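Working notes for the structure below.
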Number of protein chains: 2
Amino acid sequence: MAIERKSKQRDAIINELCSRYDHPTAMELYLSVREIIPNLSLGTLYRNLTQLEENNMVLRIPDGSNDRFDGNVNPHAHFKCITCGKVYDLMSFKNDSITFSDDIIGQVNNYSLMAFGHCKYCNKIN
Amino acid sequence: MAIERKSKQRDAIINELCSRYDHPTAMELYLSVREIIPNLSLGTLYRNLTQLEENNMVLRIPDGSNDRFDGNVNPHAHFKCITCGKVYDLMSFKNDSITFSDDIIGQVNNYSLMAFGHCKYCNKIN
DNA sequence: CTCGTTAACAGTAATGATTACTATTATTAT
DNA sequence: ATAATAATAGTAATCATTACTGTTAACGAG
């Protein structure tokens with residue numbers, strides 16, 4: 001669904017998301033934006049996150065039933081601490097090289113790589 | 001939590017999961033195993049999946065609030081069709097080389113790579 | 001083999017993130 | 001200014017997963 005009109009709520013959501021680097025969950029983001037717009041509705045937050053994702057203005061980081069969100073829309077890898085649950089950037093792009101920071105953040109025990117696209121065998125609109 | 005006793009239910013779950021390659025969700029797996037153990041409890045399925053994952057006998061493929069499960073515990077990449085929702089194996093390992101099959105399954109539009117481990121900055125037991 | 005301990009189970013209730021719904025507000029084109 | 005309707009606030013509903021409780025069955029000791 002395309003974005004057709006401006007709204008203070010959406011502006012505040014994007015602004016908050018782009019000014020932090022900790023990959024907040026919907027609820028964490030909600031509590032932050034609430035400090036600027038005290039009567040922000042949780043439904044509004046979710047609707048905007050979905051809409052912004054569809055318009056490539058926000059990146060969704062799948063994380064069970066607690067997805068995280070990132071203002072950096074360039075697809076990049078993440079590291080999740082099994083113990084505390086925090087999510088860090090795993091790779092950084094500088095100049096033309098990719099820097100892995102797994103030895104800085106912590107030991108990587110496991111990973112999950114999921115690619116998204118449209119399959120050939122799909123009988124739905126494709 | 002360690003597995004201490006055998007159970008017919010757990011055996012049936014593992015057996016079903018290892019005999020198919022379509023990365024079923026908990027519910028899909030539940031319906032299949034039900035055909036063998038008609039009064040299998042959904043709670044039992046979830047408990048066993050978690051336990052089997054902890055004991056590296058089953059791989060959990062994060063997928064929103066509909067995680068998928070795989071009897072192949074060797075970490076490997078997956079491809080999810082945005083249209084139909086099916087999940088395929090993206091990479092296959094043969095001899096010493098990794099074969100990417102994105103051009104066979106479909107076009108990759110985006111990806112999500114999440115690594116798991118223990119971070120340095122974590123103040124919980126580590 | 002029988003018994004006792006308790007892991008594992010079936011069935012049901014509770015939880016919690018997300019989505020849907022409805023009446024109201026506010027953006028934007030005319 | 002006004003009309004059309006996108007976007008919102010607040011609330012209710014949904015749905016996958018987890019927690020709870022009484023019962024069953026695996027298995028080690030006698």
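Values in this document were obtained by computation on a predicted structure and should not be read as measured data.
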Could you go step by step and tell me if Arg20(A) and Ser32(A) meet the side-chain hydrogen bond (donor to acceptor under 3.5 Å, both in side chains) rule?
CA-CA 11 Å; Arg20(A) 56 196 283 179; Ser32(A) 294; 2.8 Å; yes

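Distance CD (Glu28(B)) to P (dA16(D)): 11 Å, rounded to an integer number of Å. Between Leu40(A) atom CG and dT11(D) atom C1' the separation is 15 Å, expressed in whole Å. As rounded to whole Å, 13 Å separates atom P of dG11(C) from atom CZ of Arg47(B). Rounded to an integer number of Å, the gap from NZ of Lys8(A) to P of dA9(D) is 12 Å. Here the P atom of nucleotide dA8(C) and the CD1 atom of Ile3(B) are 8 Å apart, to the nearest Å. Regarding Tyr46(B), its OH atom lies at a distance of 15 Å from the P atom of dA10(C), rounded to whole Å. Computed from coordinates, the Leu45(A) CG to dT19(C) C1' distance equals 13 Å when rounded to whole Å. Rounding to whole angstrom units, CZ of residue Phe69(A) and P of dT18(C) are separated by 7 Å.
A ring-centre distance under 6.0 Å is found for Tyr88(A) and Tyr121(B). Taking the six-membered ring where the residue is Trp, the centroids of Phe79(A) and Phe116(B) are separated by 6.0 Å or more.
In the hydrophobic clustering of ILVMFWY residues, with side-chain heavy atoms under 4.5 Å counting as a link, Ile14(A) and Tyr21(A) come out apart.
For Arg5(B) against dT6(C), a side-chain N or O and a base N or O form a donor-acceptor pair under 3.5 Å.
The shortest distance between the side-chain N/O atoms of Gln9(B) and the OP1/OP2 oxygens of dA25(D) is not below 4.0 Å. Contact check, Thr44(A) against dA9(D): a side-chain N or O comes under 4.0 Å of OP1 or OP2.
Comparing Arg10(A) and Ser7(B) by the nucleotide of DNA chain D that holds the closest heavy atom to each, the one mapping nearer the 5' end is Arg10(A). Taking the nucleotide of DNA chain C with the nearest heavy atom to each of Ser41(B) and Lys6(B), the more 5' of the two is matched to Lys6(B). Heavy-atom distances to DNA chain D give each of Gln51(A) and Leu42(B) a nearest nucleotide, and the one nearer the 5′ end belongs to Gln51(A).
In the region residues 55-68 of chain A, proximity to DNA chain D at under 4.0 angstrom, judged on heavy atoms, holds for none of the residues.
Scanning both residues, Val33(A) and Ala12(A), for their nearest heavy atoms gives CG1-CB, 3.9 Å. Residues Asn74(B) and Leu59(B) approach most closely at O-CD2, 4.4 Å, considering heavy atoms.
The side-chain heavy atoms of Asp70(B) and Val58(B), taken from C-beta on, include no pair separated by under 4.5 Å.
Side chain of Glu4(B), nearest nucleotide from dT18(C), dA7(D), dA8(C): dA8(C).
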